[in-house]
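In the text below, chain A, chain B and the rest are named by the order of the sequence lines, each starting its count at 1. Because the structure is a prediction, the values reported are computed rather than measured.
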Protein chains: 4
Amino acid sequence: MAISQEDKYEKILDAAIEAFAEVGYHSCQVAKIARMAGVADGTIYLYFKNKEDILIRLFKERMGRFIELIRSEMDSCQDTRSRLRAIVHTHLTYMENNRALATVSQIELRQPDTSLYTAIAFPLRNYFRLIEEVIEEGIKQNEIIPSFNVHVARQMIFGTIDRATTDWIFARSERSLSKDTDCMLELFSAALGLPKEENIKKKNEI
Amino acid sequence: MAISQEDKYEKILDAAIEAFAEVGYHSCQVAKIARMAGVADGTIYLYFKNKEDILIRLFKERMGRFIELIRSEMDSCQDTRSRLRAIVHTHLTYMENNRALATVSQIELRQPDTSLYTAIAFPLRNYFRLIEEVIEEGIKQNEIIPSFNVHVARQMIFGTIDRATTDWIFARSERSLSKDTDCMLELFSAALGLPKEENIKKKNEI
Amino acid sequence: MAISQEDKYEKILDAAIEAFAEVGYHSCQVAKIARMAGVADGTIYLYFKNKEDILIRLFKERMGRFIELIRSEMDSCQDTRSRLRAIVHTHLTYMENNRALATVSQIELRQPDTSLYTAIAFPLRNYFRLIEEVIEEGIKQNEIIPSFNVHVARQMIFGTIDRATTDWIFARSERSLSKDTDCMLELFSAALGLPKEENIKKKNEI
Amino acid sequence: MAISQEDKYEKILDAAIEAFAEVGYHSCQVAKIARMAGVADGTIYLYFKNKEDILIRLFKERMGRFIELIRSEMDSCQDTRSRLRAIVHTHLTYMENNRALATVSQIELRQPDTSLYTAIAFPLRNYFRLIEEVIEEGIKQNEIIPSFNVHVARQMIFGTIDRATTDWIFARSERSLSKDTDCMLELFSAALGLPKEENIKKKNEI
DNA sequence: GATGAATGAGATTTCATTCAT
DNA sequence: GATGAATGAAATCTCATTCAT
């Protein structure tokens, strides 16, 4: 029984992601989610307070996972470049593997003044903070010479990844998103003044 | 009379921008727009087909203006760096001076599968194309050595500016948005491998 | 236009009385009221906040009228007996002429803890107070020798009239309700120790 | 087991009385009754056909008991006055001791056109009949000189007691209800022309 | 018999749009 | 052209009742 309930909760959440991605939160009827989840309309309300609650929990849980994932990937990184690579690669790969979730985020995360924004603001800010910490650590370790505003550098890193994701969603093509990891990383490295990969290798070889 | 009609059309559009920015397109009642525009509900339908039509025309006209403005700013630019500066500065300044419009763009431009997206896709793609042309021209003029994908570089430039705008909207503070122009420009220059400003000057002096 | 709107408001109120009387407030759908009033469902909400608001205004306005009527009838009365007669007669006649309203009152006025009760409590208490004042004035004028609790006497007077009304409603027969005025008045007179009508006349004749 | 079943049935009935008294029949969810009775929602349907059936049986059984009680109290009465006293006193005391039941009766007994009314009409009519019989017996025994309509006299007696009960319920105070027995009895005696208590005693002494 | 998760019919209310004035 | 009262389709959410366990 416990498993079945857990299942149903997840089933509804999965259906909601697909449904929201397809038509957008506002145009999506609860009945559509129910149908896609294979449950009755009323069942939704056994697991969620209301329609907005679905959206909020969806982000809290699924996006929460994403940020945890990035953090854990970071632990095994020794230098700024590999940390940046971890961020870019994990972000793009996660979105690639969760296209519907990515779609919903791109669309619904911009609504200001909603309880959704309040709910999601904290984890998102955490993510921003994480990126900024990577840069600051790079500066402390003398890997980066700080000729820029860390805040703006973070906007560049997140903004670029986010825009690439948006383009990928709207393109609807089957092309890969994560394939741009290296290119993006080179741009960021150059922007931040990180030494090129080959140089690092050379330094290590000596 | 002709002027009065023109007036009313613009009044409704202005009211709609404010109203959409305040509560979002979906939560915004047509009656609210009418009230804010100082016209009767029914009058709106003399100038617009329906609620979505307001949004579409709003973008087409106001964002269209924006892109034209960027293009015209570009004409007086001689090199890649000043072209990039024109883009960044014009974009940030325009949004700063049209906060409500900026808000609406950030929010509503992401809805997939709407006639809105179809309507806006073309001018937006034009803007993207413009950015890419600046980069390509820089490569052709040997200002930039192309060690990256132009597409991704454009995502970086637009994504960074766009993210900065989003942050500025959500911050709700009175701080300036355009003040980050220089910082952003340095990051882009470094990323694209453009020579530093002082070097350019020196070259010109010689 | 003004007349038409006033009309519509009253039409809805009239329809609501009939509808509530027929099936009770809770079982009555807003759609039924709309149909009976000859308007669209949504029109109801141009004139009333919600379903409960209809019920509240219904009582406030229609029952308010009733109590005002009793008060005005009272003004022309010189002694306790004629005042009591005015109360009994006006009450029974009003209910007789407004059967649906009477039905709704009997049913819905007993719901405790509703905003309806809060809304109606004041005028009802006023009515109770009025009855008690009639008795107290009778005592002051030496028409009544106070061998009882005024409060209980009021419960008797109102309770009897109210019960007669309830019986009349449930009987569904076409028999008159107000025909019992005299009988009721004699019972009240005897209960309160008022002299019989003939005695009064005699006293006056002497 | 048989006892346990009986128990559960009564437990549900008791819970229903409390629940209905608290929020009213219509606003009361079956789940609330179940919770208050300490059983599962579904269990209710093993003992009752549906929600309305709970209300009907509640009245039939609990109010039935009440009327039986009055009848039995009556058996030991020798004259009209003591019979009336038995009615008033038993009625008020019973309600005082069963406040929740009293509340439910006051509220729900007025719904027209329900199977509830049909179900309750018979015992209630029996009670009315009982009161009328007391009056008629008083007339036959020459205790009362019939200058009134027996029907109306009954409305007075029941109406007064009933109104006092309603007032007591809505007052929510802890004051006694049955304390008004004597006062009420004096009013009824005077109204019906019954000799005063002291006179009766004298008559008996002679 | 007892459970309580699941059901889905149904009711209120909103609001984009129309159209008589 | 302008109005704004009226419309009625549509969507969320509730809750009495069922039924597999």
Side-chain angles (χ1 to χ4, degrees), chain A residues 1-2 4-5 7-9 12 26-35 37-54, chain B residues 1-2 4-5 8-9 26-35 37-54, chain C residues 1-2 4-5 7-9 12 26-35 37-54, chain D residues 1-2 4-5 8-9 26-35 37-54:
Chain A
M1 227 16 53
S4 160
Q5 273 183 233
D7 270 6
K8 217 154 254 180
Y9 178 85
I12 293 169
H26 278 102
S27 307
C28 177
Q29 296 152 241
V30 173
K32 183 192 178 83
I33 300 172
R35 200 181 334 114
V39 300
D41 293 18
T43 305
I44 304 254
Y45 293 88
L46 295 176
Y47 296 92
F48 300 89
K49 219 169 56 216
N50 50 36
K51 188 180 160 187
E52 195 184 30
D53 188 40
I54 304 175
Chain B
M1 265 319 104
S4 160
Q5 277 185 37
K8 225 160 243 181
Y9 178 85
H26 277 103
S27 306
C28 179
Q29 296 156 236
V30 173
K32 183 191 176 88
I33 300 172
R35 201 182 335 115
V39 301
D41 295 16
T43 305
I44 299 218
Y45 291 85
L46 297 173
Y47 296 92
F48 298 89
K49 214 169 62 210
N50 52 34
K51 189 180 165 187
E52 197 184 31
D53 187 40
I54 304 175
Chain C
M1 225 19 51
S4 160
Q5 275 184 231
D7 271 5
K8 216 154 255 182
Y9 179 84
I12 293 170
H26 277 104
S27 308
C28 178
Q29 296 152 241
V30 172
K32 182 191 177 85
I33 300 173
R35 201 181 333 114
V39 301
D41 293 17
T43 306
I44 304 256
Y45 292 87
L46 295 176
Y47 296 92
F48 299 90
K49 218 169 55 211
N50 52 33
K51 189 179 162 188
E52 196 184 31
D53 189 40
I54 305 175
Chain D
M1 266 319 105
S4 160
Q5 277 186 39
K8 225 158 241 182
Y9 179 85
H26 277 102
S27 306
C28 179
Q29 296 158 236
V30 172
K32 183 192 175 88
I33 300 173
R35 199 183 336 115
V39 301
D41 294 17
T43 305
I44 300 220
Y45 291 84
L46 297 174
Y47 295 93
F48 298 89
K49 215 168 62 207
N50 53 32
K51 189 179 164 186
E52 197 183 31
D53 188 41
I54 304 175

Ala40(C) or Ser27(D), whichever maps to the more 5' nucleotide of DNA chain F: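 Nearest-nucleotide comparison on DNA chain F picks Ala40(C).
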Of Val30(D) and Gly42(B), the one whose closest DNA chain F nucleotide lies more 5':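 Here Gly42(B) is the residue nearer the 5' end.
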Under 4.0 Å from OP1 or OP2 of [N]: is there any side-chain N or O of [X] that close?
X: Tyr45(D); N: dT3(E); answer: no
X: Tyr47(A); N: dA5(E); answer: no
X: Lys8(C); N: dA6(F); answer: yes

Reported SG-to-CD1 distance for the pair Cys28(D) and Ile54(D), which is rounded to 0.5 angstrom: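 The distance works out to 8.0 Å.
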Closest-nucleotide ordering on DNA chain E, the 5'-leading residue of Gly38(A) and Lys49(C):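 Comparing both residues, the 5'-ward one is Gly38(A).
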Nearest-nucleotide 5' precedence on DNA chain E, Thr43(C) against Val39(A): Val39(A)
Residues forming a side-chain contact (heavy atoms from CB on, under 4.5 Å) with Val30(C), sequence neighbours excluded: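 In terms of side-chain contact (heavy atoms from CB on, under 4.5 Å), with neighbours along the sequence ignored, Val30(C) is linked to Ile44(C), Tyr45(C), Lys51(C).
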Specify the separation, in whole Å, of atom [atom1] of [X] and atom [atom2] of [N].
X: Gln29(D); N: dA16(F); atom1: CD; atom2: P; answer: 6 Å
X: Asp7(A); N: dA5(E); atom1: CG; atom2: P; answer: 15 Å
X: Asp53(B); N: dA16(E); atom1: CG; atom2: P; answer: 15 Å
X: Tyr9(A); N: dA6(E); atom1: OH; atom2: P; answer: 14 Å
X: Leu46(B); N: dT18(E); atom1: CG; atom2: P; answer: 11 Å
X: His26(B); N: dT14(E); atom1: NE2; atom2: P; answer: 18 Å
X: Arg35(B); N: dA16(E); atom1: CZ; atom2: P; answer: 12 Å
X: Lys51(A); N: dA11(F); atom1: NZ; atom2: P; answer: 9 Å

Options dT7(E), dG8(F), dT17(E), nucleotide nearest the side-chain atoms of Asp41(B):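 Selected nucleotide (nearest to the side chain): dT17(E).
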Heavy-atom closest contact (Thr43(A) atom, Ile12(A) atom, distance):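 Shortest heavy-atom separation between Thr43(A) and Ile12(A) comes out as O-CD1, 4.5 Å.
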Base-paired stems in DNA chain F, each at least three Watson-Crick or G-U pairs under 3.5 Å: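 Output for stems: E:2-21 with F:2-21.
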